[in-house]
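Here is the structure we will look at, set down as structure tokens.
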Amino acid sequence: MENMKDEIAVVGVGCHFPGGMNNIQVCFWRVLLEGKNCTVEIPTERFESASWCSADGSKPGRTQTTRAALVDEFNMFDHRFFGITETEADLMDPQQKLLLHCTYRTLEDAGISMESISGSRTGVYIGLMNKDYEMVQNKSSTTMSHYSSTGTATSMASNRISFVFNLTGPSFTIDSACSSSLVALHLACQAIKQGDCQMALCGGVSCILEPGMFVALSKAKMISPGGTSKPFSSKADGYGRGEGCGVVLLKPLKDAVKDYNKVWGIISKTAVNQDGHSVTPITKPSMTQQQELLQGIYSESDIAHVQYIEAHGTGTTVGDPTEAGSISNAIAKAKSPGSARLWIGSVKGNIGHTESAAGVAGLIKVLLMIKHQTIVPSLFYSEDSASIDARALGFRIPVKADRWKLEGSERVAGINSFGFGGTNAHAIVKEFRQTDSPTQIQNGCPSLFIVSAASEKSLHLCITNAQQRLCAAETVDFQALSYTSACRRSHSRHKYRKSFSASSLSDLKRQLTSSLKTKTESTRSDVQLGFVFCGNGVAYKGMCKQLIRVPAFRDKIKQVESILQHHNSICISQWFTGEDENDDATTPSAVQPLLFAIQVGLVAALKHWGVTPDFVIGHSVGEVAAAHCSGLLSLEDAVKVLHLRSTFQNKVTGGKMLLVSNVSVEEVLETLPEFSGRVCVAAFNSPQSCTLSGDADAVDSLREKLRVVFSERSLFLHELDVPAAYHSHMMDPILDDIEKSIDLLRAENKQCELYSTVTGRSYSDGDFSTGRYWARNIREPVLFEQTLHAAANDAKARRDVVFVEISPRRALHRNIQETLGEGTVVLPAVLPGSSYGTVMSTLGKLFELGVSVDWHLVYCGFETLPTNLPIYQFEVKYNTVRKADESSSSHGILSQIHCVQVHALIEHCIILLGAQTQRHSHCARCTLRGTCICRSDGKYEAKDTHFSPPG
């Protein structure tokens with residue numbers, strides 16, 4: 001796109017406006033599309049509006065309305081999610097809470113996780129003008145604490161976002177009254193363009209908590225008695241107040257495209273100016289300055305292409321005609337003859353005038369209309385009852401939803417927002433068509449669905465939400481959903497996690513439904529991860545061939561092969577590609593290099609994906625790979641050991657090895673004396689399993705004896721498919737050759753703990769780095785059981801030890817659980833027939849247990865635009881606003897305001913302290929005495945009142 005480097009994109013949107021909060025693309029859009037007016041009676045939980053209302057607008061201390069457009073679930077907040085204590089949350093302005101929730105929703109919509117944005121140079125620009133909560137709190141010293149200042153300070157509206165999300169760009173709060181959030185947008189765009197920040201969160205918020213502003217607006221004759229804004233209607237009688245919050249995330253378009261962000265639209269231009277002293281009084285709008293603002297921002301091309309203006313449109317008798325005139329003069333009448341008339345509308349008929357959030361509300365409305373290619377109705381307007389002559393001005397004002405037809409190459413709209421002190425702002429938004437970014441991921445993408453939450457309840461709600469929306473036939477690409485769930489959602493802070501390895505969308509639906517019946521445990525606080533490397537006897541044709549698609553695995557295989565070829569060893573890569581399928585892969589010189597290559601390749605892949613072991617253990621030949629993967633031996637030295645070990649063992653043939661399980665090893669040892677010198681224990685695998693090795697005839701005889709001795713037991717006997725009796729006297733002829741050939745190896749710095757199954761303990765000097773050690777490795781018994789105990793005892797807590805078996809199939813899983821307990825977690829790296837699927841599933845299980853996984857590297861090469869699902873479900877708690885003196889008032893939230901404010905507003909003697917009899921009333925915070933007389937109209941009149949402030 002031309003000039004893409006200078007364009008700024010909106011990549012994320014989050015809001016909570018009247019009419020619904022859970023899903024911007026459902027709730028808010030439905031309000032707009034269906035033309036809903038969200039005005040309601042102000043509930044007593046806010047304040048006793050009826051007691052503050054009077055039809056007589058001249059009556060002191062009274063407002064003319066009891067209605068406003070209010071948000072659902074007011075002051076509901078998930079303090080744990082944001083790392084805020086309940087005590088502090090109780091003293092936070094509800095506006096701060098709304099901003100935090102909406103900011104997260106914005107990032108979620110953008111597909112940007114908290115961990116990926118943390119530490120970034122992201123700016124925060126928030127518009128905020130009302131201080132209802134601060135007025136409530138500051139009137140009562142008894143409710144104040146060290147959290148009161150941070151809970152009410154205007155600066156904290158933006159600064160707390162920066163703190164919670166760890167954002168290091170500019171962060172400040174803007175108050176230009178009702179244009180605040182669009183001014184914030186202007187400043188954010190400037191900051192990105194001049195390099196102050198890489199991205200910017202900007203928006204606005206407003207909450208209604210107390211009646212003072214209603215009274216003031218009534219006295220200024222600005223507010224509608226019906227509480228409803230009626231833009232451009234002759235029935236308009238002032239504006240209706242609304243509340244809510246909107247936040248958008250801005251990012252340079254070129255970066256958004258590169259990072260696979262969805263683009264809601266482009267902020268083409270922004271501008272701000274001031275009325276100055278062009279009109280008087282200060283609150284009167286200036287057509288001259290509004291027109292100058294528009295003429296300064298719109299080029300001839302912009303005028304030709306703009307199709308819609310989201311007007312400030314509050315529904316006041318002065319403001320609407322003034323604004324309509326300026327838009328007409330600057331844009332509508334400046335269009336070339338024959339052009340379509342300009343659409344104009346205002347969201348304030350739907351959600352009221354949200355004051356410092358009004359600009360961003362208009363912006364989000366426009367972005368939704370662009371997305372859905374639909375012009376939504378502007379409520380309360382009709383040609384029969386219009387306050388302006390739309391046709392003469394060159395306007396079309398929509399009265400029903402209409403298709404937004406494309407005129408030119410893109411849809412273009414403008415947004416007006418004006419402050420009552422004269423600060424005017426405007427933004428031009430353009431459509432962006434994403435044609436260069438992939439919408440589907442190539443085959444071979446990991447098929448995991450990852451979900452996590454800060455609490456078990458939230459996790460259950462997240463799974464429920466995903467299950468319901470998928471089962472409701474919500475269209476979604478499964479692979480894009482998988483990628484989004486893993487890479488474009490926040491996980492690192494969450495203690496409750498769940499992964500689903502699914503083959504299809506229908507399979508995922510079934511798994512989600514089933515999981516709702518199970519309980520999810522919290523992640524373990526300090527997982528000790530151990531990699532266990534198997535020995536011989538596990539090879540099979542085609543093992544791990546699916547993993548060749550994994551770059552880290554493939555690259556490591558090539559490295560091993562390159563070094564092996566210096567020793568004239570086998571060509572491993574041909575075996576993986578199937579070119580060597582007829583070759584004998586059972587001899588030590590063939591199978592051991594293959595097994596080693598697979599093991600170090602698996603670990604290379606796991607480490608690339610962020611999964612690193614705390615300790616490693618090798619069983620027999622598995623010690624070679626374990627020594628390298630611990631960092632002790634270089635790959636060259638490990639391959640040297642492996643080559644010499646397998647080459648010399650290839651010279652030894654004969655004998656047998658027998659696996660004995662399901663009986664006590666101690667009992668098995670009692671049968672060995674008569675076979676002394678011919679059969680020995682090759683491996684102590686667990687208390688219930690050992691491997692015997694020796695002369696073939698002696699092993700056969702011992703096998704029959706064991707069957708007789710343990711005839712009434714569930715004895716398991718299995719002859720291993722190996723060419724020689726390893727770890728027995730049959731290795732003696734090659735021990736000197738191995739010791740001399742390997743000689744001394746260089747010991748590097750270990751990256752994790754390394755345990756020896758030769759010594760049964762952790763590494764000590766000389767282990768793994770001498771020919772003598774490797775001679776012992778092939779001759780002496782494998783002390784696997786003893787080594788497992790040593791490793792588990794060294795771990796902080798046995799219940800936190802998790803094992804991954806680095807093997808082409810399960811081999812040691814049962815031995816580990818028999819040694820350390822049935823509850824020990826042992827995960828396979830690979831299973832026959834599904835090597836790639838198994839390792840992906842194991843990554844998911846490790847993630848559930850609390851092990852960090854770098855999902856971006858797992859899905860590298862499979863990036864795409866994020867899907868809408870999954871959506872985080874907050875575990876919200878209703879935070880009651882602290883009250884000044886609950887016993888002194890019957891006004892809900894009014895009782896949270898200090899009595900001084902209440903009494904000042906009721907100066908004409910109507911006592912609103914709940915007194916219902918002729919007696920003296922007394923307030924605990926101050927002194928108000930008087931006799932209350934019930935009048936015939938049901939109201940109370942005060943006689944001989946006297947008021948004294950505290951102290």
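Every heavy atom of this structure was used, including side-chain atoms; hydrogens, water molecules and symmetry mates were not.
Of the possible polar contacts, one joining the T65 side chain to the P225 backbone as a donor-acceptor pair under 3.5 Å is found. Between the S148 side chain and the Q137 main chain, no donor and acceptor come within less than 3.5 Å of each other. Without hydrogens or angle criteria, T106 side chain to G12 main chain gives no donor-acceptor distance under 3.5 Å. In this structure, the side chain of S218 engages the main chain of Q64 through a donor-acceptor pair within 3.5 Å. For the pair S120 (side chain) and I117 (backbone), a donor-acceptor distance under 3.5 Å is present. Remark: the backbone N or O of G421 is paired with a side-chain donor or acceptor of Q274 at under 3.5 angstrom. Between the side chain of S158 and the backbone N or O of T173 there is at least one donor-acceptor pair closer than 3.5 Å. The backbone N or O of T423 lies less than 3.5 Å from a partner atom in the side chain of S179, making a donor-acceptor pair. Side-chain N or O atoms of E310 include one that pairs as donor or acceptor with a backbone N or O of V347 at under 3.5 Å. With S224 contributing its side chain and T228 its backbone, the two residues share a donor-acceptor pair below 3.5 Å.
A donor and an acceptor atom, one from each side chain of S278 and Q289, are nowhere located under 3.5 Å apart. In the model, T87 has no side-chain atom that pairs as donor or acceptor with a side-chain atom of T85 under 3.5 Å. Of the N and O atoms on the side chains of N350 and N37, not one donor lies less than 3.5 Å from an acceptor on the other residue. Side-chain polar atoms of K251 and N261 form a donor-acceptor pair below 3.5 angstrom. In the model, T152 has no side-chain atom that pairs as donor or acceptor with a side-chain atom of D93 under 3.5 Å. Between the side chains of S162 and S171, at least one donor-acceptor pair of N or O atoms lies under 3.5 Å. Between the side chains of S326 and N329, no donor-acceptor pair of N or O atoms lies under 3.5 Å.
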Practice item. I would like to know whether K877 and D78 meet salt bridge (Lys or Arg N to Asp or Glu O under 4.0 Å); could you show each step before the answer? Key: CA-CA 6 Å; K877 174 185 178 294; D78 190 348; over 6 Å; no
Practice item. Before giving the answer on salt bridge (Lys or Arg N to Asp or Glu O under 4.0 Å), spell out for E88 and R160 the whole-Å C-alpha distance, their side-chain angles and the decisive distance to 0.1 Å. Key: CA-CA 12 Å; E88 184 173 8; R160 194 181 288 277; 3.2 Å; yes
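With rounding to the nearest 0.5 angstrom, the CE atom of M222 is 8.0 Å from the OG1 atom of T316. How far OG of S206 is from CG of N130: 4.0 Å, rounded to the nearest 0.5 Å. Of the inter-residue distances, the one linking C207 atom SG with F74 atom CZ reads 5.0 Å to the nearest 0.5 angstrom. From H101, atom NE2 reaches atom OG1 of T103 across 10.5 Å, with rounding to the nearest 0.5 Å. Here the OG-NE2 distance, from S346 to H353, works out to 9.0 Å after rounding to the nearest 0.5 Å. K221 NZ to T317 OG1: the interatomic distance, rounded to the nearest 0.5 Å, is 11.0 Å.
Taking the six-membered ring wherever Trp is involved, the centroid distance between the rings of F232 and Y381 does not fall below 6.0 Å. You'll find the ring centres of F874 and F77 outside the 6.0 Å limit. The aromatic ring centres of Y872 and F81 sit less than 6.0 Å apart. Aromatic ring centroids of Y125 and H186 lie 6.0 Å or more apart.
If you run side chain to side chain donor-acceptor pair (under 3.5 Å) between H426 and each of N416, T270, N273, only N416 comes through.
At a threshold of 4.5 Å between non-hydrogen side-chain atoms, the residues V124 and F172 do not count as touching. Between F432 and I370, the closest side-chain pair of non-hydrogen atoms is not below 4.5 Å. A 4.5 Å side-chain heavy-atom check between T314 and D320 finds at least one atom pair inside the cut-off.
Other residues, nucleotides and ligands contribute at most 12 non-hydrogen atoms within 6.0 Å of the CZ atom of F420. The neighbour count for F163 CZ, taken as heavy atoms of other residues, nucleotides or ligands under 6.0 Å away, does not exceed 12. Surrounding NZ of K235 are at most 12 heavy atoms belonging to other residues, nucleotides or ligands under 6.0 Å away.
Here salt bridge (Lys or Arg N to Asp or Glu O under 4.0 Å) pairs that include residues 116-130, with residues two or more places apart or in two chains, number zero.
Considering only residues two or more places apart in sequence or on other chains, K131 meets the salt bridge (Lys or Arg N to Asp or Glu O under 4.0 Å) condition with none of them.
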Side-chain donor-acceptor pairs under 3.5 Å in residues 240-247, sequence neighbours left out?
unit_1, atom_1, unit_2, atom_2, d
R241, NE, E355, OE2, 3.0
R241, NH2, E355, OE1, 3.0
E243, OE1, R46, NH1, 3.0
E243, OE1, I208, N, 2.9
E243, OE2, R46, NH1, 3.2
E243, OE2, R46, NH2, 2.7
E243, OE2, V71, N, 3.0

